[in-house]
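The structure under discussion appears below in the form of structure tokens.
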Amino acid sequence: MSLLKEKLAQIFPAQKAEIAAFLKEHGDKQVSTVTLAQAYGGMRGVKGLVCDTSEVPPDKGLIIRGIELKDITDKWPEEILWLLLTGELPNAEELADLQAELKASQEVPEYVWNVIDAMPADSHPMAMFNTAILVMQKESVFAKKYAEGMKKDMYWDATYDDAIQIIAKLPAIGAYVYRKRFGKGARIESDATADWSKNYVHMLGLPDENESFTKLMRLYLNLHSDHEGGNVSAYSASTISSALSDLYYSLSGGLNGLAGPLHGLANQECLGWVLETMEKFGGAPTHDELRDYAWKTLESGKVVPGYGHAVLRITDPRFDAFLAFGKEHMSEDPVFQTVQRVFETVPDVLKQVQKIKDPWPNVDAGSGALLYHYGLKEFSYYTVLFSISRALGIAAQSIVARAMGYPITRPKSLPLGAYKKLVGAE
Ligand code: CMX
């Protein structure tokens, strides 16, 4: 048994017992109320979900298992996966063990390449990527063991096996989608000695001078991993998972939500907006030009991508981390300079629009410019990168939910007439 699985087998029973005792004592206490506006407003602010892997206080941003993001931006994604699951960072031996476990599972079945090859050449990279995950569903350990009558307390164990199998393969699948979709040439075989992120960069086939792109990839795959339980991708995946659909189903389902322009797809829109301004103004625009352009975008009824958030009310610490990386590695790059200037300009514009609750940049505002710098210029691909990282959080949340024995999700909906009656409007 791997060290991570061994550790989880030790800690999960105590956590489950703690929750049971907590509910026994306090189960009937009220934790939230719901107004009519919230019911019609995407349930913003309604506390009614449970997620232990991470939380996002509006005034702090992402906290993973009690550690603020700014304190763990130097960690590798494998370390983040360990942290998400166990609540602790791994020591060197534990990290090496997890990396070896992933390496041992990285071989992608041949039929996956054939399925990607058979898709229309102009398919969106996210459609290709998610199809590849879904088509591997027949490999699910959970589905097989469930059909054989697996006991409930082993659900997490089988979900863990699925998670490792999937996570290990995502860099190769993502890299192939890139090469195939954008005509970059034949598939590149995995590097047996490289870690998860470095191997991904290797298989993408882009230049990686001084391993600088690999460093960005480690940061990128760290920063996008998890963002509590209520965002569209995590919540969709957890709802699907709550029906005991296996992780192949739930992950691909959740990532289909990530492909929406108000969620993960914003990162492709965002760089597009930055480049549009550069094209219009013939290089890095001035602050005044950017201000005008932002107003024009708003007046045309469009959103300024990369700005605003459903929960956050500060500059996203994930944006801060990307900005710091850009300043260190590409301060002279005009695209990066434009991102910086947008940050210095756009919040003041958005603050003047009363309805916008958060005028600050989110994770998507800067990441594209950094990828662009390293030659990853096809922005419709960017959400695949987000997905590879977000798979860590979705998998961890799913394993924890199975270990805690959470039931099928089933909130109550009502039609307009029933709400009218409820509030005495008729
Ligand atoms: N540009 C223009 N208008 C914006 C805006 C922006 N960046 N951010 C919010 N608004 C508008 C909303 O569209 C909404 O308008 P309507 O009432 O006319 O529909 C109004 O302001 C109120 O929105 P809000 O309560 O501040 O924000 P929401 O929780 O409804 O939406 C989000 C959050 C992210 C969808 C929104 O800020 C947005 O569309 N931003 C741009 C797209 C983006 O960057 N998405 C990535 C988010 C990161 C992630 O993937 O998690």
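Counting starts at 1 for both ligands and their atoms, in listed order. Values below: every heavy atom of this structure, side chains too, minus hydrogens, waters and symmetry copies.
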Answer yes when D161 and K5 have at least one side-chain N-carboxylate O distance shorter than 4.0 Å, and no when they do not. yes

For atom 25 (O) of ligand 1, which candidate among R390, K357, H263, K355 holds the nearest heavy atom? K357

Could you tell me, atom by atom, which parts of ligand 1 come under 4.0 Å of a heavy atom of G264? 50 (O)

I want to know if ligand 1 touches A266 in the polar sense, i.e. an N/O pair below 3.5 angstrom. no

Could you name the option among V232, L262, L298 that has the heavy atom nearest to atom 39 (O) of ligand 1? L262

Going by heavy atoms, is R44 under 4.0 Å from ligand 1? yes

Closest to atom 36 (C) of ligand 1 (judged by heavy-atom distance), picking from Y307, W273, F386, W360: Y307

Quick one: which ligand 1 atoms are inside 4.0 Å of a heavy atom on D364? 46 (C), 48 (C), 50 (O)

Note: heavy atom closest to atom 3 (N) of ligand 1, options I356, L350, L265, belongs to I356

Would you indicate which of L258, V363, N362, V56 comes nearest to atom 47 (C) of ligand 1 when only heavy atoms are counted? N362

Closest to atom 37 (O) of ligand 1 among P361, G308, G306, P347 (heavy-atom distance): G308

Determine whether the side chains of N222 and R318 contain a donor N or O and an acceptor N or O closer than 3.5 Å. no

Would you call D117-K180 a salt bridge at under 4.0 Å N-O? yes

For the side chain of D358 and the backbone of H309, is there at least one donor-acceptor N/O pair under 3.5 Å apart? yes

